[in-house]
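Remember, it's 1-based here, ligands and their atoms both numbered in the order they're listed. Here the structure is a predicted model, which is why all the values come from computation and not from measurement.
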Amino acid sequence: MSQLNITSPTTSSAIAQTLAGKKILLGISGGIAAYKCADLTRRLIERGAQVQVVMTPAAKEFITPLTMQAVSGKPVSLSLLDPAAEASMGHIELAKWADLVLLAPATADLIARLRAGMGNDLLSTLVLASNAPIAVAPAMNQQMHANVATQDNIQALSLRGMMMWGPAAGQQACGDVGYGRMLEPMQLVALCEQFFGPKPLAGIRIAITAGPTREAIDPVRYISNHSSGKMGFAIADTAAQMGAQVTLISGPVSLATPKNVERIDVDSAQSMHQAAMQHAPTHQIFISCAAVADYRPSQVADQKIKKTDDSDQMTITMVKNPDIVASVAALTQDRPFTIGFAAETQDVERYARGKLDKKNLDMICANDVSVQGLGFNSDDNALHVYWPEGDQALAIANKQQLAQQLLGLIAEQYKH
Ligand code: C5P
């Protein structure tokens, strides 16, 4: 008979009190991921947080208020119109009590109601009445998440400064596979710790280039590329959340400016070069994420170029653009720690290390753009980062999670 190996359970005193005294209002809406909220609450409390649970009527169908009361050690708030609850801690008091409002899981319906500014249940009313930072952990079917209405709502909430924590991709309760899974309890705990913890990039100024450039042919036409700017914007957003002062020099993209980021819009490689050379010397770190056009038409026609009947061909003579990241790396005064990107389709390490040397960079982040679904215009990416004495692979993840890992690595090498 095999021996049962009984180890003593981890006591809460053995766990670092990273959230000591933090007041977290956990808002649960009606999605299947609600069953994970009992574990989430326990993990937060183990780390010293106080958790006050608020549930929507639909949430009660997935996990009972009694369970949440038992794990949180506090009565669960359920209704806006409950005289007894209002007599103890009323909804306005609750809204003022929180250091952080964490909405997990946040269903498509809750997100839509928040976007509309509705107060038709206790949870949405609390969000309206709260001044506290709000983190949203979306959880829903992947098709509901991809729906343009939901995407639009998520973007609107982000623009208002709410933090979007997830969703993750993977197998869903309904059998679908895709984006829409709530982050796991420990991932949410880690984000709470990061939110309340020391900011690893506090006091560091970072300039980032992002997006494509446009090289004019005439007043209505240009040459450009498929860069969406998502990676550069994710880095800017994450760097700001990690405490950095961020200047984002962006080519033409249709993305919202991340919170607490100063954005400078440019168009051509030359205008990006000018902005980069002006700002790089006042920043300690320069990250060149933009897909800069290597060449531009040697002449920009004053008027729209007309089709002619005498030839089926048209020739545009191109001249080389300045290499922005190499120009920054060549600064002899106030040179920032300089990081480039390399999109490669083959022999990734050799080409990436070649660019690291040739452009005199401190680090280079290579991505294999021959892999379908990664890199350009995608939400996911994988990177291999090289620096003179080492390298590290960052596995496939969404661009936000990847940005966090990359910035951790950059901070390590910069401080090294
Ligand atoms: O040489 P290649 O274009 O592959 O190098 C890519 C890196 O160089 C990226 O970091 C990109 O932002 C930067 N780059 C630049 N200016 C250019 C061309 C590329 O800053 N004209």
Side-chain angles (χ1 to χ4, degrees), residues 206-216 222-236 239 246-253 264-281 283 285-298 318-331 335-370 374-377 381 383-388 391 394 399 402-403 406-407 409-410 413-414:
I206 305 184
I208 301 164
T209 66
T213 62
R214 278 183 187 168
E215 310 303 323
Y222 56 80
I223 295 171
S224 191
N225 60 61
H226 290 296
S227 168
S228 63
K230 284 179 187 167
M231 190 70 229
F233 274 59
I235 294 174
V246 181
T247 305
L248 176 60
I249 302 169
S250 175
V253 295
I264 298 167
D265 282 312
V266 295
D267 190 287
S268 63
Q270 283 177 300
S271 61
M272 187 176 277
H273 181 255
Q274 196 183 9
M277 295 313 282
Q278 183 188 336
H279 292 279
H283 291 71
I285 297 178
F286 180 82
I287 305 176
S288 182
C289 204
V292 186
D294 290 328
Y295 294 89
R296 66 178 183 277
S298 61
M318 311 275 280
V319 292
K320 226 181 203 162
N321 270 325
D323 191 310
I324 300 169
V325 74
S327 312
V328 170
L331 284 169
R335 176 191 182 278
F337 187 83
T338 306
I339 299 116
F341 272 70
E344 305 294 345
T345 54
Q346 54 171 335
D347 221 348
V348 176
E349 172 161 10
R350 190 162 65 88
Y351 284 117
R353 284 211 177 272
K355 279 176 198 173
L356 184 74
D357 267 6
K358 186 164 171 238
K359 301 191 188 209
N360 186 31
L361 306 178
D362 298 296
M363 287 176 101
I364 193 151
C365 317
N367 57 336
D368 186 341
V369 286
S370 67
L374 294 188
F376 272 179
N377 239 328
N381 208 355
L383 292 173
H384 202 121
V385 188
Y386 300 93
W387 56 96
D391 69 291
L394 304 180
K399 286 181 176 175
L402 203 63
L406 175 61
L407 283 161
L409 203 55
I410 291 173
Q413 292 301 313
Y414 168 67

message: Please list the nearest protein heavy atom to atom 4 (O) of ligand 1 with its residue and the distance rounded to 0.1 Å.
response: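 Here the nearest protein heavy atom works out to K355 NZ, 2.4 Å.
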query: Among all protein non-hydrogen atoms, which one is nearest to atom 8 (O) of ligand 1, and what is the separation to 0.1 Å?
result: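 Among all protein heavy atoms, the one nearest atom 8 (O) of ligand 1 is K359 NZ, 3.0 Å.
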field: F337 atom CZ, over 12 foreign heavy atoms within 6.0 Å
entry: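 Correct, the count exceeds 12.
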task: Might you confirm whether atom CD of E344 has over 12 heavy atoms from other residues, nucleotides or ligands at distances under 6.0 Å?
output: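 Yes - once you tally the heavy atoms of other residues, nucleotides and ligands closer than 6.0 Å, there are more than 12.
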[X]: numbered ligand 1 atoms lying under 4.0 Å from its heavy atoms:
{"X": "V325", "result": "8 (O), 13 (C), 15 (C), 20 (O)"}
{"X": "G340", "result": "10 (O)"}
{"X": "A290", "result": "11 (C), 12 (O)"}
{"X": "D294", "result": "3 (O), 18 (C)"}
{"X": "S288", "result": "9 (C), 10 (O), 11 (C), 12 (O), 13 (C), 20 (O)"}
{"X": "P322", "result": "16 (N), 17 (C), 21 (N)"}

Student check: side-chain heavy atoms of L356 and P388 closer than 4.5 Å: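 Touching, per the 4.5 Å side-chain cut-off.
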query: Side chains of T247 and H283: does their closest heavy-atom pair fall under 4.5 Å?
result: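 With C-beta onward as the side chain, the pair touches.
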- request: Considering only NZ, NE, NH1 and NH2 on the basic side and carboxylate oxygens on the acidic side, decide whether D323 and K359 come within less than 4.0 Å.
  value: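 The answer is yes: the pair qualifies as a salt bridge.
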field: Within 45° cone of Y386 ring axis and under 6.0 Å: R353 NZ or CZ
entry: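 Relative to the ring axis of Y386, which defines the angle, R353 lies outside at least one limit.
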message: Whether the N321 and H273 side chains hold a donor-acceptor pair (N or O, under 3.5 Å, no angle test) is what I'd like checked.
response: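 On atom types as modelled, these side chains do not qualify, holding no pair under 3.5 Å.
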With only distance considered, is [X] within less than 3.5 Å of ligand 1 through an N or O on each side?
{"X": "I324", "value": "yes"}
{"X": "E344", "value": "no"}
{"X": "T209", "value": "no"}
{"X": "F341", "value": "yes"}

message: Applying the side-chain hydrogen bond (donor to acceptor under 3.5 Å, both in side chains) criterion to H384, which one of N367, D368, D391 satisfies it?
response: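 Among the candidates, only D391 passes.
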